[in-house]
Peer 1: 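Quick one: the structure is below, and I'll ask about it shortly.
We count ligands from 1, going down the list as the structure has it; atoms in each ligand are counted the same way.
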Amino acid sequence: MGISLALAGVLVMLLAVYDYGIRLCGVSAGPVESVRLDGDVVLGGLFPVHENGINGCGAFDKGGYQRLEAMVYALDRINNDDNLLPGIQIGAYILDTCSRDTYALEQTMEFVTSTITRIDLNAFTCPNGSVPAYQPPQPTVGVVGAAGSPVSTMVANILRLFKIPQVSYASTSPELSDKSRYDYFLRVVPPDTYQAQAMLDIVTALGWTYVSTVASAGNYGENGISTFRNLSRSTDICLTVMEVIPRDATDGTFDKLVKYLSTIEHARGVVTFASETDIRRLLAAVARANMTGHFIWIGSDDWGTKPNPVEGQEAVAEGSITLLPARIPDKGFDEYFTSLTPTNGSSRVWFQEYWERTFHCTFDVFETEKLDNPKLCTGEETFSDETYEQEGKISFVVDAVYAFAHALNRIQGELCNGSAGLCPEFMNVDGHSLLDILKNISFGGSTGTVRFNRDGDRPGSYQLYQFQKTESDDYRYVPIGTWVDKLSLNWTHVSWGGSDPDRIPESVCSLPCDINKGEKRKKRPGDECCWLCVNCESYQYLVDEWHCRNCTLGYQPRRDRRGCIEIPAEYLTWDSPWAIPPTLLAIIGIACTMFIIVIFVRFNNTPIIRASGRELCYVLLFGILATYMAVFTLIARPSTLTCCLRRMMLGLSVVISFSALYTKTNRVYRIFNSGKRSVRRPKYTSPRSQMVICFGLVSVQLVGATLWLAIDPPQAIKTFPSWHQAILECAVTDLSLVLSLSYAMVLIVMCTVYAFKTRKMPENFNEAKFIAFAMYTTCVVWVAFIPIYIGTSSTDYKIQQTLLCLCFIVSATVTLGCIFVPKIYIVMFAPQKNKKPSGTMMLNSRMRSTCGSIEGKPNGEMKAQTLSTSAAPVSNTTSSDFESRTPEEEATRF
Ligand code: GLU
């Protein structure tokens, strides 16, 4: 690098000498547009009077021209100040850089040339032998400028070779702080390391987490954005599209850039470190893409408060936040500038151009012929608020000029022994000494105290602006805060336009998940700022936006998903569709049973009832009634009482029924069996014995159930078949329920066995046949019930409960239907059959309670016969003791 710079220096020197030689001999090397102000010492000035064009200088830059005038203004003030450089006038040699580094390099040759004029002129002879007639320019002691960092960098490389100190009023690239390469460069603006930090603080304050960046090619844009990128690494901000606008960018390049920026839908924030020309073209591309209002721009100081970048694209730029190094506008400059007219300011080569651009007119008569709407400038036009606004870096230009003035003043004071005007020592001061003094000056400038740090920079301090639409529908940059080491935003001044001006636009990768729907964020692999929204499980609540946690059992997520609430316990209610049918059936069953009981009581002494074994029949009816009632305990809300009743009644009701039936069938069987061997009546066949046996059988269940209650007291508990369900039920396992019914099942089986054995006995209107039928059906029902009940335990508890109810109802109804309906039918509709049997049809008293005497044939087939009665004749009104009845009373017809 050092060698190439040295080579460049030698080349420039040769060119300068060649150029100088040409001028000495009166041959023009082409007109160089410049502003020259005479003085005892001359300061160079580099200003972007024109923009960077496609092939050279582009459009006129009014802001750049104002800066130029600011230098003239500052020199005026200095030259008229008796305390500053008394007796010395500072002149100026001001050139246009066209914001182009290569063009600026050519212009800088002028300063270098003037330095070479120190070479002895006698050494030159023109080719024609004439005496050199050229009036050489005065040497340039220092240069004010340039504006753009790429220009300053290029120029600084040359100026250092000729030891010409340079003070920039706008170049902010951090690269220029490198004093090993830019040792003659100083600036009155802070470097972009501060600006990048300020931009990052703005992004953070807006709550943006995903932003794009756009930079102009060159050390201003690229270094600025890379500083921003480096700083953002220690924050939660992610950068998405990071684009550099090439120097030769076309409109197509900008269109593609906008398309690319818009691919990240929610990343609306775009941080720009770009030249004002690039900003203008970028905004135009956004307008072409119909994306006005989509992006919110954060603009660096090259955008600042300039009207140029937003001209014609105000709507696209609305809401943009821009930065500008902090300064106080110079009121004196306003006065000075607005008093200029084409007449008094015409000494400046570009002033007419400025006038034409400001007042939209032309001084060129020929030009008016070409225009559709010609307007000739009169020169009488006046500046107003619409046509004049002080450019943002005017104060810095003034300070840069003053920096030189103060340094020269100190030199004059030190070397000229306090005398006014020039002294030889002053004239012999070289650039290196001037630089040393410049580095150490300190004075109160219009941007605060001007003092350079070790790197020749100023400390970071910025003003923030937002480009807003005013009530009168025009646009302006509104001050919204400052940044001095930290951000201070005046939110009341911030407005985002549209219907909700207070709502900060978002710039994120992913939108927040819907917490109310229970969505949590799931990081997208490799992308810290992006996430997917995934649902928490239905039994989970959101601990925070990233995590779900299970509710404890019996609890479910609240509606807002921020916690859990207890699940209300479910139980079968009376109005449930699962409860209504069994309840109705049980009520009908109870009604029928009651009806039968009434009929039995009413016709208690009729032959058919008497022959039925009334006591056991009443027990049986009671059992059936209890079975129907047990259904209610199954449907009632589980509580300690209902659970207790349920446990007692379920088994007991069935056991009562089948104990009675078993006692009955067993007796018949025993009598039938013993009748085959002897005429002696078997033991324990009397009604009393029957009742004792029956109650004995019942008491087994009673004792078992009571023990069960004592060992495992009943209680209603909540169970949780799933995360969302809490069921209130009695603390009874399926197994213990089946066990509690197992005794009843044994009775059913035994009853069925005896019913089967006695099935063909025709006594008492084929009662045995009906009993057998009832028992088969009961068996089928219960056999089918157990697997179904256990099988449905994993499904809805209501189904299981209803099944159990139906099983009891069917079981009771079958018994009721088969055993009692035929009798009721005879009692009510066939009273002719309900008569005392004829003598030949009398039943053996041993068979009374089984409704008739039966004799089995040897082959096992039973046949009805007329048996002689041996029972003692007793009054026919005794109800409980069959032994006391007359044979006739106990007879039944076949
Ligand atoms: N700060 C910019 C740069 O360093 C120049 C800004 C301006 O000219 O307003 O390139």
Peer 1: By number and element, which atoms of ligand 1 are closer than 4.0 Å to a non-hydrogen atom of Lys306?
Peer 2: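 Ligand 1 atoms under the 4.0 Å threshold to Lys306: 7 (C), 8 (O), 9 (O).
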
Peer 1: In terms of the angle between their ring planes, are Phe383 and Phe359 parallel, tilted or perpendicular, with boundaries placed at 30° and 60°?
Peer 2: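 Aromatic pair Phe383/Phe359 classed tilted.
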
Peer 1: Suppose we measure from atom 1 (N) of ligand 1 to each protein heavy atom; which comes out shortest, and what is that distance?
Peer 2: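 So the nearest neighbour among protein heavy atoms is Asp301 OD2, 2.6 Å.
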
Peer 1: Taking distance alone, no hydrogens or angles, what donor-acceptor pairs closer than 3.5 Å link side-chain atoms of residues 310-317 to residues at least two apart or in another chain?
Peer 2:
from, atom 1, to, atom 2, distance (Å)
Glu314, OE1, Gly312, N, 3.3
Glu314, OE2, Gly312, N, 3.3

Peer 1: Consider every N or O of Gly148 and every N or O of ligand 1, then say whether any pair is closer than 3.5 Å.
Peer 2: no

Peer 1: So is Glu276 close enough to ligand 1, meaning a heavy atom under 4.0 angstrom away?
Peer 2: no

Peer 1: So, are Glu276 and Lys306 salt-bridged, with charged N and O less than 4.0 Å apart?
Peer 2: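 Looking at Lys306 together with Glu276, the answer is yes, because their closest N to O distance falls below 4.0 Å.
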
Peer 1: What protein heavy atom sits nearest atom 4 (O) of ligand 1, and how far away is it?
Peer 2: Ser149 OG, 2.4 Å

Peer 1: Does the Arg100 side chain pair with the main chain of Gly53, one donor and one acceptor, at a distance under 3.5 Å?
Peer 2: yes

Peer 1: Is Arg67 near ligand 1, meaning one of its heavy atoms is under 4.0 Å from it?
Peer 2: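 Yes; Arg67 lies near enough to ligand 1 that a heavy-atom distance drops under 4.0 Å.
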
Peer 1: Please determine whether a side-chain nitrogen of the Lys or Arg among Glu175 and Arg181 lies less than 4.0 Å from a carboxylate oxygen of the Asp or Glu.
Peer 2: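 Yes.
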
Peer 1: Please list the nearest protein heavy atom to atom 5 (C) of ligand 1 with its residue and the distance rounded to 0.1 Å.
Peer 2: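 Scanning the protein heavy atoms, the shortest distance from atom 5 (C) of ligand 1 goes to Ala170 O, 3.5 Å.
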
Peer 1: State whether a side-chain donor-acceptor pair under 3.5 Å links Thr447 with Arg458.
Peer 2: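 The answer is yes; a qualifying pair exists.
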
Peer 1: Taking N or O atoms only and a 3.5 Å limit, does Glu391 qualify as a polar contact for ligand 1?
Peer 2: no

Peer 1: Rounded to the nearest 0.5 Å, what's the gap from OG1 on Thr482 to CG on Leu324? Could you check?
Peer 2: 13.0 Å

Peer 1: Below 4.0 Å from any atom of ligand 1, is there a heavy atom belonging to Ser171?
Peer 2: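 Judged by the 4.0 Å heavy-atom criterion, Ser171 does count as contacting ligand 1.
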
